[in-house]
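A note on names: the letters A, B, ... follow the listed sequences, proteins ahead of strands, and every chain is numbered from 1.
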2 protein chains.
Amino acid sequence: MTDADHRTLHNRVLAALGPAIATGEFAPGHVFTLERLERDYGVSRTVAREAVRVLESMRLVLSRPRTGVRVRPVEEWSVFDPQLIRWRLAGPGRTDQLRSLTELRAAVEPPAAAAAARWASAEKRGRLLAINDEMLAAGGAGDLETFLELDIEFHRLILRLSGNEMFAGLSGVVAEVLAGRTAYHLMPHHPRADALRLHTHVAQAVYDGLPKVAEAAMRAIVDEVVEALSRVDGPRNAR
Amino acid sequence: MTDADHRTLHNRVLAALGPAIATGEFAPGHVFTLERLERDYGVSRTVAREAVRVLESMRLVLSRPRTGVRVRPVEEWSVFDPQLIRWRLAGPGRTDQLRSLTELRAAVEPPAAAAAARWASAEKRGRLLAINDEMLAAGGAGDLETFLELDIEFHRLILRLSGNEMFAGLSGVVAEVLAGRTAYHLMPHHPRADALRLHTHVAQAVYDGLPKVAEAAMRAIVDEVVEALSRVDGPRNAR
DNA sequence: GCATGGTATTGGTAATACTATTCAAGAAGG
DNA sequence: CCTTCTTGAATAGTATTACCAATACCATGC
């Protein structure tokens, strides 16, 4: 959610340069030099180099002597880098990014719910029921802001309870997606009654240790989310 | 597959420091200074800082004045960073990493196969059948090396054909897993007849534009892989 | 076509000044 | 006494600058 620490200069350069590359303003193949960065952002060579090194580790650019810094083809980018995801969500490609992330959610969350039902400890499974209760309350009261927070917490907890580090590593991404689809008004941001019921099913199934039920309920949730995104944003091929 | 470019000094520092952190030798909470890096690796301050910046962008460490560079808790790491995944696969935690990545594969590849069947163009779907033919040939001839290469290419193509950037972004990871489980001898590296048949089903279903069939066949493949990993490596709770 | 050398640009070092953060000592107040 | 707040020094990262080395592109000329 929070952007990278802007206290350091190289992060400020990244905050300008990263989005420029991520949104395609500096398209793949585009070349710039360190000196250019020094002039454009009024920073020293050291700082410019640090920024480039970070972009390099994200596989956004390639730096070579005599050539300069070249933007790499999109297929080579580390598209799972949280920073890069945030940059793309903030730019004009946010709809595409949101769609691909939502499809990723739809793939991962059902198995994650199943794993949580199988492996999670009793105490933590209880927390899921508690959050669900709060969600029902906030949803009924029409308090959309806290509902969003609880929704994020619910899905984050499922991913953590799965006991799989990779699944858990997606919790930040899922939070971005949940926040993003309301922030960008791409979804009807009204908690629907059937969605709420399905969350209860997931929580209860995880609590009762029923992997298949948890997986099916979660799949119903995410499939509906993918559907809703198509309705609002147009079907996939019509982009 | 290939490690990061070792031509630059900061990458050589990373090649030593990264694995040390990734494998827990430098545990979370551990603190070191730039001066320490300068002395240990015989590099200048500039190079040491560049290495730290990269680790920082992977969320492995936090650098603060007066404190030094502190290793962050594992839950905060960017576990999808390809570099980090490679470091962990090379260390003592490779079994756990392989298991979590395999579960990730199992979650993502079936939906990816379905998406490929829905959206991919005719020409590229044909390539899938061709690779499958080669796989059958190599498998029959007992040529395990080229079989592995083709297997990697097969799964990479599915992920690319899905038309989802995030799925496609996992193709490198899947390649690591496929290569890793034979390299570390954690799998019986004999292509099984039923696995081969299932690959054919996937290729044919994608070619014929049958998402549900492609998804089911792929799910059969990856579920068997997860099963096999449990058999060889022990069930998940007995780690 | 192919060698070859000039040159632009990054790679790396070193010295130095600045700045943020911590921590301890001491003062002020309860 | 004990607690809390201020103050200041020590420490380590942050940033700048200048300079030399290495590299790889590219034009030139054979």
Side-chain angles (χ1 to χ4, degrees), chain A residues 2-18 20-21 26-73 76-77 83, chain B residues 2-18 20-21 26-73 76-77 83:
Chain A
T2 66
D3 224 353
D5 196 354
H6 276 211
R7 273 176 301 193
T8 58
L9 260 188
H10 88 279
N11 271 329
R12 261 177 280 184
V13 174
L14 279 174
L17 193 54
I21 297 174
F26 282 9
H30 179 83
V31 174
F32 56 90
T33 66
L34 287 176
E35 201 208 328
R36 179 78 194 278
L37 295 185
E38 294 174 41
R39 281 192 293 108
D40 285 1
Y41 300 105
V43 296
S44 68
R45 192 174 187 74
T46 311
V47 170
R49 279 178 55 174
E50 286 173 13
V52 168
R53 290 272 119 94
V54 171
L55 294 175
E56 219 175 3
S57 88
M58 297 183 190
R59 300 164 173 270
L60 289 182
V61 304
L62 218 52
S63 175
R64 303 173 63 185
R66 166 78 206 201
T67 310
V69 181
R70 174 179 262 103
V71 179
R72 300 175 73 165
E76 298 177 2
W77 295 359
Q83 183 90 262
Chain B
T2 66
D3 225 352
D5 195 354
H6 277 210
R7 273 175 302 191
T8 58
L9 257 191
H10 86 279
N11 272 330
R12 260 176 282 183
V13 174
L14 279 174
L17 193 54
I21 296 173
F26 283 9
H30 179 84
V31 174
F32 56 91
T33 66
L34 286 176
E35 202 209 327
R36 179 79 194 278
L37 294 185
E38 294 175 40
R39 280 193 293 109
D40 286 2
Y41 300 104
V43 297
S44 69
R45 197 171 191 71
T46 309
V47 169
R49 278 182 58 178
E50 285 173 356
V52 168
R53 292 293 184 230
V54 171
L55 294 175
E56 220 175 1
S57 88
M58 296 182 189
R59 298 164 174 269
L60 289 182
V61 303
L62 217 53
S63 173
R64 300 174 61 187
R66 167 77 205 201
T67 309
V69 181
R70 184 189 304 277
V71 178
R72 300 176 73 166
E76 299 177 1
W77 295 359
Q83 182 89 260

What nucleic acid atoms does Arg49(B) come within less than 4.0 Å of, heavy atoms only: base, sugar-phosphate, or nothing?
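Contact class for Arg49(B): base.
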Looking for any heavy atom pair under 4.0 Å, which part of the strands does Arg70(B) touch: base, sugar-phosphate only, or nothing?
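Arg70(B): no heavy atom of the nucleic acid under 4.0 Å.
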How close or far is atom [atom2] of [N] from atom [atom1] of [X], stated in whole angstroms?
| X | N | atom1 | atom2 | value |
| --- | --- | --- | --- | --- |
| Arg7(A) | dT14(D) | CZ | C1' | 12 Å |
| Arg12(A) | dA15(D) | CZ | C1' | 11 Å |
| Arg53(B) | dG13(D) | CZ | C1' | 8 Å |

Taking only nitrogen or oxygen atoms into account, show me every contact under 3.5 Å that the protein makes with nucleotides 7-10 of chain D, one pair per line with its distance.
from: dA10(D); atom 1: N3; to: Arg66(B); atom 2: NH1; distance (Å): 2.9

Stepwise side-chain contact (heavy atoms from CB on, under 4.5 Å) test for Val61(B) and Phe26(B)
CA-CA 11 Å; Val61(B) 303; Phe26(B) 283 9; over 6 Å; no
Of all pairs that satisfy salt bridge (charged side-chain N to carboxylate O under 4.0 Å, His left out), the ones with a partner from residues 61-71 of chain B, not counting sequence neighbours:
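Checked against salt bridge (charged side-chain N to carboxylate O under 4.0 Å, His left out) - neighbours excluded - no pair reaches residues 61-71 of chain B.
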Between Gly68(B) and Thr67(A), name the one whose nearest nucleotide on DNA chain D is closer to the 5' end.
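That would be Gly68(B).
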Results of side chain to side chain donor-acceptor pair (under 3.5 Å) for Arg39(B) - residues two or more places apart only
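Side chain to side chain donor-acceptor pair (under 3.5 Å) list for Arg39(B), sorted by chain: empty.
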Partner residues of Glu76(B) under the side chain to side chain donor-acceptor pair (under 3.5 Å) criterion, sequence neighbours left out
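Partners of Glu76(B) by the side chain to side chain donor-acceptor pair (under 3.5 Å) criterion, ordered by chain and then number, come out as Arg72(B).
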Taking 5' to 3' order, which nucleotide of DNA chain C is first and which is last to have an atom within less than 4.0 Å of a heavy atom in chain A?
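Taking any atom under 4.0 Å from a heavy atom of chain A, the span is dG6(C) to dT21(C).
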Do [X] and [Y] come within less than 4.5 Å of each other through their side chains, counting heavy atoms only?
| X | Y | answer |
| --- | --- | --- |
| Tyr41(B) | Val47(B) | no |
| Leu55(B) | Leu17(B) | yes |
| Arg53(A) | Arg53(B) | no |

Could you tell me which residues satisfy side chain to side chain contact (heavy atoms under 4.5 Å, CB included) with Ser63(A), sequence neighbours excluded, listed by chain and number?
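For Ser63(A), the residues satisfying side chain to side chain contact (heavy atoms under 4.5 Å, CB included) (neighbours in sequence not counted) are Val52(A), Glu56(A), Val69(A).
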With sequence neighbours left out, what residues match Ala51(A) under side chain to side chain contact (heavy atoms under 4.5 Å, CB included)?
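By the side chain to side chain contact (heavy atoms under 4.5 Å, CB included) rule, Ala51(A) matches Val13(A), Leu14(A).
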The side chain of Ser63(B) is closest to which nucleotide in this list: dG13(D), dA15(D), dA24(D)?
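Between dG13(D), dA15(D), dA24(D), the one nearest the side chain of Ser63(B) would be dG13(D).
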With no hydrogens and no angle check, just 3.5 Å: does a side-chain donor-acceptor pair link Thr46(A) and Thr46(B)?
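There is no such pair between these side chains.
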Write down the protein N/O and nucleotide N/O pairs, taken from nucleotides 18-21 of chain D, whose separation is under 3.5 Å; answer none if there are no such pairs.
none

Is any side-chain nitrogen or oxygen of Arg64(B) closer than 4.0 Å to OP1 or OP2 of dT14(D)?
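Checking Arg64(B) against dT14(D): no side-chain N or O falls below 4.0 Å of OP1 or OP2.
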Strictly below 4.0 Å: does Thr8(A) bring a side-chain N or O up to OP1 or OP2 of dT14(D)?
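For dT14(D), OP1/OP2 do not have a side-chain N/O of Thr8(A) under 4.0 Å.
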